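Take a look at the structure set out below.
None of the values given here were measured: they were computed from a predicted structure. Residue numbers start at 1 and run along the sequence shown. Counting starts at 1 for both ligands and their atoms, following the listed order.
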Amino acid sequence: MTLASLIAQLPDDFTFGVATSSYQIEGSQFGNCGQSHWDSFAQVPDAVFGQEDGGVACDHYHRWQEDLDLISQGGFSAYRFSFSWPRLLPQTNQGINPDGISFYDKLIDGMLERGIAPHATFYHWDLPQRLADKGGWTNRDTAHYFADYTDVLMRHFGDRLTSVAPVNEPWCVAWLSHYLGHHAPGLRDIKAAGKAMHIIQLAHGLSAQVAREHGHKNIGCVLNKEFAVPEDDSAEAIRLAHLYDGIYSRWFEESIFKAQYPDDVLEVIAPYLPEGWQDDMAVIATPLDWVGVNYYTRAVIAPDKTEALTGLKTIAGDLPKTDMNWEVAPEGLSFFLRRLAKDYAPDLPIYITENGMANADSLTDSGIPDTARISYFESHLAEVAQVIEDGIAVKGYFAWSLLDNYEWAFGYDKRFGLIHVDFETQKRTPKNSYYAWQKALER
Ligand code: IFM
């Protein structure tokens, strides 16, 4: 099925948008932005491809009008973006940077002028270095500073935001960054990871409470998911795939929607959680208005005796892969949508807040033929259409990403955009996938 025929099946009020994040596109050296822990992490030898950082990124700080025009000309009616904490509070927790306020004022007003609904994330991984120096997400104070930062955001921008979400992908903030060591701060330390797994959830809850105190009525969370499948049908592989799913997904949805952590994961990481964690569970489970799912791929899980903590590893699967070497497994998306609706958030609307693929795109005489990306969107939207037909309240879909951008530890080497960016000249060139969306959204 084509994008157009899939879109035609979806309800008229279904939201189509695109997503980005501050550090990946804005350019952290512009506008008196403070240093983030990604600026520092990028300097660590071998941490990031080519030691590239987000100093310039897509220069969105200066080119935001062109970028908003591209969103609107593509036919999208919603834009999921994030605020940069170090841009707004560069030196201290109280010292607001007027350039940061002015940038987001213009950006949000620019969306509204173009009929684009602003969907904001408060934290998409650019932690101020000044807080990282004090332990970052292993320090409970960071959760409280995050609540104070939320207050700044809500006071200045809250009434213009269609939806808000405190944290993008808490698994990445905690496990990927403190146990697997792939993202800033690059730790491989279960003691740090145990703290971060809880403190990021506390930060989410405290921030959601502040947004609610300001009267916001559309507060959600954005959880990333990987569809864990056992390497074979042995009981051990099945148990380990379930544990992987527990650490990656259930940890976050069970705490947010049921005020508890899953027993199988607690068995592994309870000794490393901060003391008194039980007292925070009611805050973590602050009621929400929607839930967001970021979905890209599956993980094939096998036993690994050398991994002392979890006893598992991910192995290569046999499905077609994207340029990230991620398998294309659209059935995982509907698995999570169904499970959320059945077990965790039966009364809440669900949004796919990110979905897309990296492709080794290049400019040709006849444009940028990213056919694989179009097929990827089609296969995942087909899953969405099916679950909606089965009665599940999926209300919107945001493609990742508007632009090729800074793909974290992969630097600028991986291209997720609907729009190609030449990082030498900053020229934007829409890919065929952009035109496919544009045509399909003319309805
Ligand atoms: O680029 C990231 C984004 O920042 C968070 N979700 C996954 C994307 C692709 O890796």
Around [atom], find the nearest protein heavy atom and jot down its residue, atom name and distance.
atom: atom 8 (C) of ligand 1; result: Y296 OH, 3.5 Å
atom: atom 10 (O) of ligand 1; result: E407 OE2, 2.6 Å
atom: atom 5 (C) of ligand 1; result: E354 OE1, 3.3 Å

Test your reading of the structure: does [X] have an N or O sitting under 3.5 Å from an N or O of ligand 1?
X: Q24; result: yes
X: S21; result: no
X: N405; result: no
X: W408; result: yes

Legend entry - Donor-acceptor contact below 3.5 Å, side chain E327 vs main chain D318: yes

Inset, instruction - Using a strict cut-off of less than 4.0 Å between a Lys/Arg side-chain nitrogen and an Asp/Glu carboxylate oxygen, indicate whether R339 and D343 qualify as a salt bridge. - result: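 Here R339 does not pair with D343 in a salt bridge, since their nearest N and O are not under 4.0 Å apart.
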
Legend entry - Ring center gap for F30 and H62 short of 6.0 angstrom: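 Distance test on ring centres: under 6.0 Å, yes.
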
Inset, instruction - Would you confirm whether the ring centroid of F122 sits within less than 6.0 angstrom of the ring centroid of W85? - result: no

Inset, instruction - Please round to the nearest 0.5 Å and tell me the distance separating atom NZ of K431 and atom OH of Y434. - result: 13.0 Å

Legend entry - Per-residue contact class, W326 against ligand 1 - non-hydrogen pairs under 4.0 Å: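 Under 4.0 Å from ligand 1, W326 contributes side-chain atoms alone.
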
